[in-house]
Amino acid sequence: MQLNDQSLLKTEAYINGQWVSGIDTLKVTNPANGQLLAQIASVSAEQTQQAIAAAEVAQTLWAKRPAKERADILRAWYNLIMINQEDLAIIMTMEQGKVLAESRGEIAYAASFIEWFAEEARRVYGDVMALPQSDRRGVVIKQPVGVVAAITPWNFPSAMITRKAGPALAVGCAIVVKPASETPLSALALAELADRAGLPAGLLNVVTGSSREIGAVLTQSPVVRKLTFTGSTPVGKLLLKQCADTVKKVSMELGGNAPLIVFDDADLDKAVLGAAASKYRNSGQTCICTNRILVQDTIYDAFVAKFKAEVESYKIGNGLESDSTHGPVVTAKAARDIDAMVQQALDAGADAITGGGIDDQGECFYQPTVLTDVTTDMRVFREEIFGPVAPIFKFSTEAEAIAMANDTEFGLASYIYTRDIGRVWRVSEAIEYGMVGVNEVAITSDVIPFGGVKESGMGREGSKYGVEDYIETKYICMGGLDD
Ligand code: NAP
(Lines give C-alpha, C1' and ligand atoms only; values in the text may rest on other atoms or scores of the structure.)
Protein backbone atom coordinates (compact mmCIF):
# COMPACT_ATOMS: atom_id res chain seq x y z
CA MET A 1 0.00 0.00 0.00
CA GLN A 2 1.67 3.26 -1.12
CA LEU A 3 0.83 6.13 1.22
CA ASN A 4 2.34 9.58 1.65
CA ASP A 5 2.67 8.72 5.31
CA GLN A 6 3.32 5.00 5.81
CA SER A 7 3.09 5.40 9.57
CA LEU A 8 -0.70 5.65 9.24
CA LEU A 9 -0.71 1.94 8.56
CA LYS A 10 -1.08 0.41 12.01
CA THR A 11 -1.47 -3.27 12.76
CA GLU A 12 -1.55 -3.26 16.55
CA ALA A 13 -4.48 -2.43 18.79
CA TYR A 14 -4.57 0.96 20.53
CA ILE A 15 -5.08 0.69 24.29
CA ASN A 16 -4.41 3.43 26.83
CA GLY A 17 -2.40 5.42 24.31
CA GLN A 18 -0.12 2.46 23.49
CA TRP A 19 0.10 0.27 20.40
CA VAL A 20 -0.13 -3.31 21.62
CA SER A 21 0.01 -6.76 20.02
CA GLY A 22 -2.75 -9.24 20.68
CA ILE A 23 -2.85 -12.92 21.44
CA ASP A 24 -3.41 -13.78 17.80
CA THR A 25 -3.70 -12.04 14.42
CA LEU A 26 -6.48 -11.32 11.91
CA LYS A 27 -5.95 -11.10 8.15
CA VAL A 28 -7.14 -8.05 6.26
CA THR A 29 -7.53 -8.51 2.50
CA ASN A 30 -8.35 -6.33 -0.49
CA PRO A 31 -11.72 -7.41 -1.94
CA ALA A 32 -10.73 -6.17 -5.41
CA ASN A 33 -7.97 -8.74 -5.84
CA GLY A 34 -7.73 -10.90 -2.73
CA GLN A 35 -4.32 -9.42 -1.82
CA LEU A 36 -3.31 -9.76 1.84
CA LEU A 37 -2.99 -6.19 3.15
CA ALA A 38 -2.06 -6.74 6.78
CA GLN A 39 -2.17 -9.07 9.76
CA ILE A 40 -3.58 -7.14 12.67
CA ALA A 41 -3.73 -7.78 16.39
CA SER A 42 -6.53 -9.89 17.80
CA VAL A 43 -6.81 -8.87 21.45
CA SER A 44 -7.85 -11.00 24.40
CA ALA A 45 -10.76 -10.51 26.79
CA GLU A 46 -8.23 -9.36 29.37
CA GLN A 47 -6.83 -6.70 27.04
CA THR A 48 -10.37 -5.50 26.39
CA GLN A 49 -10.80 -5.17 30.17
CA GLN A 50 -7.58 -3.15 30.26
CA ALA A 51 -8.96 -0.80 27.63
CA ILE A 52 -12.15 -0.33 29.69
CA ALA A 53 -10.11 0.31 32.85
CA ALA A 54 -7.92 2.86 31.06
CA ALA A 55 -11.02 4.57 29.69
CA GLU A 56 -12.53 4.81 33.16
CA VAL A 57 -9.47 6.54 34.60
CA ALA A 58 -9.05 8.90 31.65
CA GLN A 59 -12.75 9.80 31.53
CA THR A 60 -12.86 11.21 35.05
CA LEU A 61 -10.14 13.75 34.26
CA TRP A 62 -11.44 14.51 30.77
CA ALA A 63 -14.94 15.30 32.00
CA LYS A 64 -13.52 17.95 34.34
CA ARG A 65 -11.84 19.85 31.53
CA PRO A 66 -13.73 22.79 30.04
CA ALA A 67 -15.67 21.96 26.87
CA LYS A 68 -13.52 24.50 25.02
CA GLU A 69 -10.34 22.55 25.80
CA ARG A 70 -11.92 19.29 24.69
CA ALA A 71 -13.14 21.03 21.54
CA ASP A 72 -9.66 22.35 20.73
CA ILE A 73 -8.20 18.83 20.79
CA LEU A 74 -11.05 17.49 18.67
CA ARG A 75 -10.54 20.34 16.23
CA ALA A 76 -6.87 19.34 15.91
CA TRP A 77 -8.00 15.75 15.22
CA TYR A 78 -10.43 17.02 12.57
CA ASN A 79 -7.63 19.01 10.89
CA LEU A 80 -5.28 16.02 10.84
CA ILE A 81 -7.96 13.80 9.30
CA MET A 82 -8.52 16.32 6.51
CA ILE A 83 -4.76 16.84 5.96
CA ASN A 84 -4.41 13.06 5.59
CA GLN A 85 -7.63 12.62 3.59
CA GLU A 86 -5.92 11.03 0.58
CA ASP A 87 -3.99 8.42 2.58
CA LEU A 88 -7.05 7.56 4.65
CA ALA A 89 -9.10 7.21 1.46
CA ILE A 90 -6.54 4.84 -0.08
CA ILE A 91 -6.54 2.69 3.06
CA MET A 92 -10.33 2.58 2.96
CA THR A 93 -10.58 1.67 -0.73
CA MET A 94 -8.01 -1.08 -0.31
CA GLU A 95 -9.66 -2.76 2.65
CA GLN A 96 -13.32 -2.04 1.87
CA GLY A 97 -13.49 -1.83 -1.93
CA LYS A 98 -15.45 1.39 -2.48
CA VAL A 99 -14.15 3.63 -5.28
CA LEU A 100 -11.62 6.27 -4.27
CA ALA A 101 -13.99 9.20 -4.87
CA GLU A 102 -16.45 7.65 -2.40
CA SER A 103 -13.66 7.00 0.10
CA ARG A 104 -12.52 10.63 -0.10
CA GLY A 105 -16.12 11.65 0.45
CA GLU A 106 -16.43 9.37 3.46
CA ILE A 107 -13.27 10.78 5.05
CA ALA A 108 -14.65 14.32 4.76
CA TYR A 109 -18.01 13.09 6.09
CA ALA A 110 -16.26 11.30 8.97
CA ALA A 111 -14.23 14.38 9.85
CA SER A 112 -17.35 16.56 9.80
CA PHE A 113 -18.73 14.73 12.85
CA ILE A 114 -15.62 15.58 14.87
CA GLU A 115 -15.89 19.22 13.85
CA TRP A 116 -19.64 19.41 14.45
CA PHE A 117 -19.59 17.85 17.90
CA ALA A 118 -16.53 19.84 18.99
CA GLU A 119 -18.66 22.92 18.32
CA GLU A 120 -21.92 21.48 19.64
CA ALA A 121 -20.57 20.25 22.98
CA ARG A 122 -19.93 23.83 24.05
CA ARG A 123 -23.67 24.36 23.88
CA VAL A 124 -24.82 21.66 26.29
CA TYR A 125 -27.12 23.58 28.61
CA GLY A 126 -29.07 22.74 31.74
CA ASP A 127 -32.26 24.27 33.16
CA VAL A 128 -33.57 26.02 36.26
CA MET A 129 -37.20 25.45 37.24
CA ALA A 130 -39.62 26.86 39.79
CA LEU A 131 -40.84 24.09 42.12
CA PRO A 132 -44.23 23.82 43.89
CA GLN A 133 -42.50 24.91 47.14
CA SER A 134 -41.41 28.55 47.38
CA ASP A 135 -38.16 27.75 49.23
CA ARG A 136 -36.81 25.46 46.54
CA ARG A 137 -35.55 25.58 42.97
CA GLY A 138 -34.91 22.72 40.64
CA VAL A 139 -31.66 22.66 38.71
CA VAL A 140 -30.97 20.30 35.85
CA ILE A 141 -27.40 19.64 34.77
CA LYS A 142 -26.11 17.52 31.91
CA GLN A 143 -23.22 15.14 32.53
CA PRO A 144 -21.32 12.71 30.30
CA VAL A 145 -22.58 9.12 30.57
CA GLY A 146 -19.04 7.88 31.28
CA VAL A 147 -17.30 5.04 29.46
CA VAL A 148 -18.87 4.25 26.08
CA ALA A 149 -18.37 1.12 23.99
CA ALA A 150 -18.83 1.32 20.22
CA ILE A 151 -19.14 -1.57 17.79
CA THR A 152 -19.03 -0.51 14.13
CA PRO A 153 -19.54 -2.04 10.65
CA TRP A 154 -17.33 -2.31 7.56
CA ASN A 155 -19.48 -0.38 5.09
CA PHE A 156 -18.49 3.04 6.50
CA PRO A 157 -15.22 2.15 8.24
CA SER A 158 -14.42 5.71 9.34
CA ALA A 159 -17.67 7.66 9.54
CA MET A 160 -19.45 5.15 11.77
CA ILE A 161 -16.60 5.58 14.27
CA THR A 162 -16.43 9.38 14.28
CA ARG A 163 -20.23 9.69 14.43
CA LYS A 164 -19.89 7.98 17.84
CA ALA A 165 -16.45 9.06 19.07
CA GLY A 166 -17.10 12.70 18.12
CA PRO A 167 -20.08 13.29 20.45
CA ALA A 168 -18.75 10.94 23.14
CA LEU A 169 -15.39 12.70 23.48
CA ALA A 170 -16.84 16.17 22.99
CA VAL A 171 -19.18 15.90 25.98
CA GLY A 172 -16.57 14.29 28.25
CA CYS A 173 -16.93 10.52 27.76
CA ALA A 174 -14.17 8.01 26.96
CA ILE A 175 -14.73 5.36 24.30
CA VAL A 176 -13.63 1.83 23.47
CA VAL A 177 -14.17 1.06 19.78
CA LYS A 178 -14.44 -2.43 18.26
CA PRO A 179 -14.29 -1.95 14.47
CA ALA A 180 -15.43 -4.55 11.94
CA SER A 181 -12.82 -7.21 11.22
CA GLU A 182 -12.92 -6.52 7.47
CA THR A 183 -11.91 -2.86 7.92
CA PRO A 184 -9.76 -2.31 11.03
CA LEU A 185 -7.00 -0.35 9.24
CA SER A 186 -9.21 2.73 8.81
CA ALA A 187 -10.07 2.66 12.52
CA LEU A 188 -6.44 2.30 13.61
CA ALA A 189 -5.34 5.16 11.33
CA LEU A 190 -7.96 7.38 12.97
CA ALA A 191 -6.56 6.43 16.38
CA GLU A 192 -3.04 7.33 15.25
CA LEU A 193 -4.27 10.77 14.20
CA ALA A 194 -6.14 11.25 17.51
CA ASP A 195 -2.89 10.45 19.27
CA ARG A 196 -1.03 13.04 17.17
CA ALA A 197 -3.79 15.57 17.90
CA GLY A 198 -2.95 15.30 21.59
CA LEU A 199 -5.94 13.30 22.80
CA PRO A 200 -4.91 12.04 26.25
CA ALA A 201 -4.21 8.33 26.66
CA GLY A 202 -7.15 6.09 27.49
CA LEU A 203 -9.89 8.29 26.01
CA LEU A 204 -10.03 6.52 22.66
CA ASN A 205 -9.16 2.83 22.55
CA VAL A 206 -9.42 0.60 19.48
CA VAL A 207 -9.68 -3.12 20.21
CA THR A 208 -9.55 -5.46 17.22
CA GLY A 209 -10.29 -9.17 17.22
CA SER A 210 -13.05 -11.64 17.92
CA SER A 211 -16.33 -9.74 17.94
CA ARG A 212 -18.07 -12.31 20.10
CA GLU A 213 -15.40 -12.27 22.80
CA ILE A 214 -14.79 -8.51 22.79
CA GLY A 215 -18.53 -7.83 22.51
CA ALA A 216 -19.22 -10.01 25.56
CA VAL A 217 -16.67 -8.13 27.67
CA LEU A 218 -17.92 -4.72 26.56
CA THR A 219 -21.59 -5.55 27.17
CA GLN A 220 -21.07 -7.29 30.51
CA SER A 221 -18.82 -4.65 32.04
CA PRO A 222 -20.59 -2.48 34.65
CA VAL A 223 -17.99 0.23 33.94
CA VAL A 224 -19.28 0.60 30.39
CA ARG A 225 -22.38 2.78 30.76
CA LYS A 226 -23.43 2.93 27.15
CA LEU A 227 -23.22 0.77 24.06
CA THR A 228 -23.53 2.38 20.67
CA PHE A 229 -23.81 -0.08 17.81
CA THR A 230 -24.08 0.21 14.05
CA GLY A 231 -24.58 -3.01 12.18
CA SER A 232 -27.14 -5.64 11.32
CA THR A 233 -30.45 -6.03 13.11
CA PRO A 234 -29.78 -9.62 14.30
CA VAL A 235 -26.49 -8.63 15.96
CA GLY A 236 -28.15 -5.50 17.37
CA LYS A 237 -30.85 -7.65 19.00
CA LEU A 238 -28.22 -9.92 20.49
CA LEU A 239 -26.28 -6.98 21.93
CA LEU A 240 -29.47 -5.46 23.35
CA LYS A 241 -30.06 -8.70 25.25
CA GLN A 242 -26.45 -8.76 26.45
CA CYS A 243 -26.76 -5.16 27.72
CA ALA A 244 -29.89 -5.94 29.74
CA ASP A 245 -28.05 -7.32 32.77
CA THR A 246 -26.16 -4.07 33.36
CA VAL A 247 -29.05 -1.86 32.13
CA LYS A 248 -26.87 0.14 29.77
CA LYS A 249 -27.95 3.11 27.78
CA VAL A 250 -28.00 1.93 24.16
CA SER A 251 -28.05 3.41 20.68
CA MET A 252 -28.76 1.07 17.80
CA GLU A 253 -28.28 2.00 14.14
CA LEU A 254 -29.41 -1.17 12.41
CA GLY A 255 -30.48 -2.45 9.02
CA GLY A 256 -32.83 -0.83 6.55
CA ASN A 257 -35.17 -1.72 3.70
CA ALA A 258 -35.61 1.68 2.10
CA PRO A 259 -38.47 2.23 -0.34
CA LEU A 260 -38.09 4.82 -3.09
CA ILE A 261 -41.55 5.77 -4.37
CA VAL A 262 -41.92 7.43 -7.77
CA PHE A 263 -45.34 8.98 -8.45
CA ASP A 264 -46.50 9.76 -11.97
CA ASP A 265 -46.22 13.53 -11.45
CA ALA A 266 -42.49 13.27 -10.60
CA ASP A 267 -39.66 14.65 -12.69
CA LEU A 268 -38.83 11.31 -14.27
CA ASP A 269 -35.20 12.01 -15.14
CA LYS A 270 -34.42 13.25 -11.63
CA ALA A 271 -36.19 10.25 -10.13
CA VAL A 272 -34.16 7.84 -12.30
CA LEU A 273 -30.84 9.46 -11.41
CA GLY A 274 -31.77 9.70 -7.72
CA ALA A 275 -32.91 6.07 -7.56
CA ALA A 276 -29.75 4.81 -9.27
CA ALA A 277 -27.43 6.94 -7.12
CA SER A 278 -29.14 5.80 -3.94
CA LYS A 279 -29.33 2.15 -4.95
CA TYR A 280 -25.78 1.66 -6.21
CA ARG A 281 -23.79 3.91 -3.85
CA ASN A 282 -20.99 1.89 -2.21
CA SER A 283 -22.14 -0.95 -4.52
CA GLY A 284 -25.45 -1.09 -2.68
CA GLN A 285 -23.84 -1.52 0.72
CA THR A 286 -25.24 1.35 2.75
CA CYS A 287 -27.98 1.04 5.31
CA ILE A 288 -29.89 3.87 3.58
CA CYS A 289 -29.47 2.49 0.06
CA THR A 290 -32.76 2.23 -1.77
CA ASN A 291 -33.78 -1.41 -1.42
CA ARG A 292 -37.14 -1.37 -3.18
CA ILE A 293 -38.08 0.96 -6.05
CA LEU A 294 -41.87 1.44 -6.20
CA VAL A 295 -43.08 3.06 -9.43
CA GLN A 296 -46.64 4.13 -10.34
CA ASP A 297 -48.01 1.88 -13.10
CA THR A 298 -48.67 4.72 -15.58
CA ILE A 299 -44.94 5.58 -15.82
CA TYR A 300 -43.47 2.17 -15.00
CA ASP A 301 -42.23 1.24 -18.49
CA ALA A 302 -40.68 4.67 -19.13
CA PHE A 303 -38.94 4.61 -15.74
CA VAL A 304 -37.57 1.10 -16.26
CA ALA A 305 -36.15 1.92 -19.70
CA LYS A 306 -34.32 5.02 -18.46
CA PHE A 307 -33.13 3.29 -15.28
CA LYS A 308 -31.71 0.35 -17.22
CA ALA A 309 -29.80 2.71 -19.55
CA GLU A 310 -28.33 4.56 -16.57
CA VAL A 311 -27.20 1.34 -14.85
CA GLU A 312 -25.67 0.01 -18.07
CA SER A 313 -23.40 3.08 -18.17
CA TYR A 314 -21.63 1.91 -14.98
CA LYS A 315 -18.19 0.37 -15.00
CA ILE A 316 -17.31 -1.92 -12.13
CA GLY A 317 -13.66 -2.42 -11.25
CA ASN A 318 -10.90 -1.92 -8.69
CA GLY A 319 -11.80 1.19 -6.70
CA LEU A 320 -8.30 2.62 -7.16
CA GLU A 321 -8.74 2.77 -10.97
CA SER A 322 -10.07 6.14 -12.01
CA ASP A 323 -12.56 4.84 -14.58
CA SER A 324 -14.29 2.51 -12.10
CA THR A 325 -17.68 3.88 -11.13
CA HIS A 326 -18.40 1.05 -8.69
CA GLY A 327 -16.14 -1.31 -6.74
CA PRO A 328 -16.45 -4.88 -5.52
CA VAL A 329 -18.66 -5.91 -2.61
CA VAL A 330 -16.85 -6.51 0.65
CA THR A 331 -16.29 -10.28 0.53
CA ALA A 332 -16.89 -13.28 -1.71
CA LYS A 333 -19.48 -14.47 0.80
CA ALA A 334 -21.35 -11.17 0.49
CA ALA A 335 -21.41 -11.63 -3.32
CA ARG A 336 -22.75 -15.18 -2.94
CA ASP A 337 -25.44 -14.03 -0.49
CA ILE A 338 -26.58 -11.33 -2.92
CA ASP A 339 -26.63 -13.87 -5.73
CA ALA A 340 -28.76 -16.27 -3.69
CA MET A 341 -31.33 -13.53 -3.23
CA VAL A 342 -31.33 -12.73 -6.94
CA GLN A 343 -31.61 -16.42 -7.89
CA GLN A 344 -34.58 -16.81 -5.53
CA ALA A 345 -36.32 -13.93 -7.34
CA LEU A 346 -35.47 -15.32 -10.79
CA ASP A 347 -36.72 -18.79 -9.83
CA ALA A 348 -39.97 -17.18 -8.65
CA GLY A 349 -40.53 -15.41 -11.99
CA ALA A 350 -38.49 -12.18 -11.89
CA ASP A 351 -36.60 -10.96 -14.95
CA ALA A 352 -33.01 -9.63 -14.74
CA ILE A 353 -33.12 -7.02 -17.50
CA THR A 354 -29.46 -6.23 -16.86
CA GLY A 355 -26.78 -7.97 -14.75
CA GLY A 356 -27.91 -10.88 -12.62
CA GLY A 357 -24.75 -12.60 -11.44
CA ILE A 358 -21.19 -12.54 -10.13
CA ASP A 359 -18.89 -10.82 -12.64
CA ASP A 360 -15.90 -12.37 -14.41
CA GLN A 361 -13.60 -9.79 -12.76
CA GLY A 362 -13.55 -11.77 -9.53
CA GLU A 363 -15.47 -13.44 -6.77
CA CYS A 364 -16.24 -10.11 -5.01
CA PHE A 365 -17.61 -8.32 -8.08
CA TYR A 366 -21.38 -8.39 -8.47
CA GLN A 367 -22.91 -7.03 -11.65
CA PRO A 368 -25.17 -3.99 -11.28
CA THR A 369 -28.52 -5.71 -11.62
CA VAL A 370 -32.07 -4.56 -12.39
CA LEU A 371 -35.00 -6.88 -11.68
CA THR A 372 -38.53 -6.48 -13.05
CA ASP A 373 -41.60 -8.76 -12.69
CA VAL A 374 -40.89 -8.82 -8.98
CA THR A 375 -43.48 -9.51 -6.26
CA THR A 376 -43.78 -8.63 -2.60
CA ASP A 377 -43.27 -12.20 -1.41
CA MET A 378 -39.73 -12.33 -2.85
CA ARG A 379 -36.68 -11.99 -0.60
CA VAL A 380 -35.64 -8.84 -2.52
CA PHE A 381 -38.78 -7.13 -1.15
CA ARG A 382 -38.60 -8.51 2.39
CA GLU A 383 -34.85 -8.40 3.17
CA GLU A 384 -32.02 -5.89 3.06
CA ILE A 385 -30.19 -6.78 -0.18
CA PHE A 386 -26.94 -4.95 0.65
CA GLY A 387 -25.67 -5.22 -2.90
CA PRO A 388 -26.03 -3.62 -6.35
CA VAL A 389 -29.45 -5.09 -7.15
CA ALA A 390 -32.53 -2.96 -7.89
CA PRO A 391 -35.95 -4.64 -7.87
CA ILE A 392 -38.58 -2.35 -9.45
CA PHE A 393 -42.15 -2.89 -8.20
CA LYS A 394 -45.41 -1.47 -9.57
CA PHE A 395 -48.23 0.27 -7.68
CA SER A 396 -51.37 2.06 -8.81
CA THR A 397 -52.58 4.30 -5.95
CA GLU A 398 -51.01 6.46 -3.25
CA ALA A 399 -52.58 4.27 -0.55
CA GLU A 400 -51.08 1.17 -2.13
CA ALA A 401 -47.62 2.79 -2.28
CA ILE A 402 -47.81 3.71 1.42
CA ALA A 403 -48.92 0.20 2.36
CA MET A 404 -46.07 -1.36 0.36
CA ALA A 405 -43.53 1.03 1.86
CA ASN A 406 -44.65 0.16 5.38
CA ASP A 407 -44.86 -3.59 4.77
CA THR A 408 -41.54 -4.32 6.50
CA GLU A 409 -40.13 -4.57 10.00
CA PHE A 410 -37.50 -1.96 9.07
CA GLY A 411 -37.84 1.84 9.22
CA LEU A 412 -34.60 3.67 8.50
CA ALA A 413 -34.55 5.77 5.30
CA SER A 414 -37.21 6.30 2.63
CA TYR A 415 -37.52 8.45 -0.49
CA ILE A 416 -40.40 9.89 -2.49
CA TYR A 417 -40.45 11.60 -5.86
CA THR A 418 -43.48 13.78 -6.54
CA ARG A 419 -44.17 17.44 -7.31
CA ASP A 420 -47.52 17.51 -5.48
CA ILE A 421 -46.98 19.37 -2.20
CA GLY A 422 -50.07 17.84 -0.57
CA ARG A 423 -48.82 14.38 -1.42
CA VAL A 424 -45.36 15.23 -0.06
CA TRP A 425 -46.90 15.90 3.36
CA ARG A 426 -49.42 13.04 3.31
CA VAL A 427 -46.88 10.42 2.33
CA SER A 428 -44.02 11.77 4.48
CA GLU A 429 -46.26 11.58 7.54
CA ALA A 430 -47.78 8.19 6.69
CA ILE A 431 -44.61 6.21 6.05
CA GLU A 432 -42.96 4.74 9.12
CA TYR A 433 -39.34 5.75 8.69
CA GLY A 434 -36.82 7.80 10.65
CA MET A 435 -35.79 9.74 7.55
CA VAL A 436 -37.61 10.77 4.36
CA GLY A 437 -35.89 12.21 1.29
CA VAL A 438 -38.30 14.23 -0.86
CA ASN A 439 -37.04 14.54 -4.45
CA GLU A 440 -33.56 14.02 -2.97
CA VAL A 441 -31.48 11.01 -2.02
CA ALA A 442 -28.31 12.70 -0.69
CA ILE A 443 -29.91 13.23 2.71
CA THR A 444 -27.12 12.72 5.23
CA SER A 445 -24.68 15.14 6.82
CA ASP A 446 -23.34 16.02 10.24
CA VAL A 447 -26.18 18.46 10.91
CA ILE A 448 -29.13 16.07 10.55
CA PRO A 449 -30.52 13.50 13.02
CA PHE A 450 -29.69 10.11 11.50
CA GLY A 451 -31.59 7.09 12.76
CA GLY A 452 -34.47 4.73 12.36
CA VAL A 453 -37.70 3.42 13.86
CA LYS A 454 -39.11 -0.11 14.25
CA GLU A 455 -36.36 -2.74 13.93
CA SER A 456 -33.97 -0.22 12.35
CA GLY A 457 -32.96 0.95 15.77
CA MET A 458 -33.13 3.62 18.42
CA GLY A 459 -31.32 6.87 19.10
CA ARG A 460 -30.14 9.53 16.69
CA GLU A 461 -26.63 10.33 15.50
CA GLY A 462 -25.39 13.68 14.21
CA SER A 463 -27.14 17.04 14.71
CA LYS A 464 -28.00 18.67 18.03
CA TYR A 465 -29.97 15.53 18.92
CA GLY A 466 -26.84 13.38 18.61
CA VAL A 467 -25.43 14.90 21.80
CA GLU A 468 -28.36 13.61 23.87
CA ASP A 469 -27.29 9.99 23.51
CA TYR A 470 -24.03 10.68 25.35
CA ILE A 471 -25.29 12.73 28.28
CA GLU A 472 -27.30 12.04 31.39
CA THR A 473 -29.79 14.48 32.83
CA LYS A 474 -29.29 15.08 36.56
CA TYR A 475 -31.81 16.92 38.72
CA ILE A 476 -30.58 18.80 41.80
CA CYS A 477 -33.14 20.14 44.27
CA MET A 478 -31.84 23.38 45.87
CA GLY A 479 -33.69 23.76 49.19
CA GLY A 480 -33.73 26.09 52.19
CA LEU A 481 -33.79 29.21 50.05
CA ASP A 482 -36.15 31.13 52.41
CA ASP A 483 -33.72 30.93 55.38
P1 NAP B 1 -22.73 -6.93 11.48
O2 NAP B 1 -22.43 -8.27 10.99
O3 NAP B 1 -23.85 -6.73 12.41
O4 NAP B 1 -21.37 -6.40 12.11
C5 NAP B 1 -21.26 -5.11 12.66
C6 NAP B 1 -20.27 -5.12 13.79
O7 NAP B 1 -20.74 -6.01 14.80
C8 NAP B 1 -18.89 -5.60 13.39
O9 NAP B 1 -17.92 -4.88 14.13
C10 NAP B 1 -18.89 -7.05 13.86
O11 NAP B 1 -17.59 -7.51 14.18
C12 NAP B 1 -19.72 -6.92 15.11
N13 NAP B 1 -20.31 -8.18 15.55
C14 NAP B 1 -20.78 -9.20 14.82
N15 NAP B 1 -21.24 -10.19 15.61
C16 NAP B 1 -21.07 -9.77 16.89
C17 NAP B 1 -21.34 -10.34 18.17
N18 NAP B 1 -21.89 -11.56 18.30
N19 NAP B 1 -21.04 -9.62 19.27
C20 NAP B 1 -20.48 -8.40 19.17
N21 NAP B 1 -20.19 -7.81 17.98
C22 NAP B 1 -20.50 -8.49 16.86
O23 NAP B 1 -23.03 -5.91 10.31
P24 NAP B 1 -22.17 -5.63 9.01
O25 NAP B 1 -22.46 -6.70 8.01
O26 NAP B 1 -20.75 -5.34 9.36
O27 NAP B 1 -22.80 -4.25 8.56
C28 NAP B 1 -23.88 -4.19 7.72
C29 NAP B 1 -25.15 -3.88 8.49
O30 NAP B 1 -24.99 -2.63 9.18
C31 NAP B 1 -26.32 -3.70 7.59
O32 NAP B 1 -27.45 -4.31 8.13
C33 NAP B 1 -26.50 -2.19 7.56
O34 NAP B 1 -27.80 -1.79 7.22
C35 NAP B 1 -26.12 -1.81 8.93
N36 NAP B 1 -25.75 -0.39 9.00
C37 NAP B 1 -26.60 0.46 9.63
C38 NAP B 1 -26.31 1.81 9.68
C39 NAP B 1 -27.23 2.76 10.38
O40 NAP B 1 -26.81 3.86 10.68
N41 NAP B 1 -28.46 2.38 10.67
C42 NAP B 1 -25.14 2.29 9.09
C43 NAP B 1 -24.28 1.39 8.46
C44 NAP B 1 -24.60 0.03 8.43
P45 NAP B 1 -16.80 -8.52 13.22
O46 NAP B 1 -16.67 -7.86 11.91
O47 NAP B 1 -15.47 -8.66 13.90
O48 NAP B 1 -17.57 -9.79 13.20
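Numbering of ligands and ligand atoms starts at 1, following listing order.
At a 4.0 Å heavy-atom cut-off, the residues surrounding ligand 1 are Ile151, Thr152, Pro153, Trp154, Asn155, Met160, Arg163, Lys178, Pro179, Ala180, Ser181, Glu182, Gly209, Ser211, Gly215, Phe229, Thr230, Gly231, Ser232, Val235, Leu238, Leu239, Glu253, Leu254, Gly255, Gly256, Cys287, Glu384, Phe386, Leu412, Phe450, listed by chain and number.
In this structure Tyr415 satisfies the ring pair (Phe, Tyr, Trp, His ring centres under 6.0 Å) test with no other residue, sequence neighbours excluded. With sequence neighbours excluded, the residues forming a side-chain hydrogen bond (donor to acceptor under 3.5 Å, both in side chains) with Tyr433 are Arg292, listed by chain and number.
For Asn257 (side chain) and Phe381 (main-chain N/O), a donor-acceptor pair under 3.5 Å exists by modelled atom type.
For Arg225, the CZ atom counts as loosely surrounded, since its 6.0 Å shell holds 12 or fewer non-hydrogen atoms of other residues, nucleotides or ligands.
Pairs engaging residues 204-224 under the side-chain hydrogen bond (donor to acceptor under 3.5 Å, both in side chains) rule: Thr219-Gln242 [sequence neighbours left out].
Relative ring orientation between Tyr314 and His326 is described as tilted, the plane-to-plane angle lying within the 30° to 60° band.
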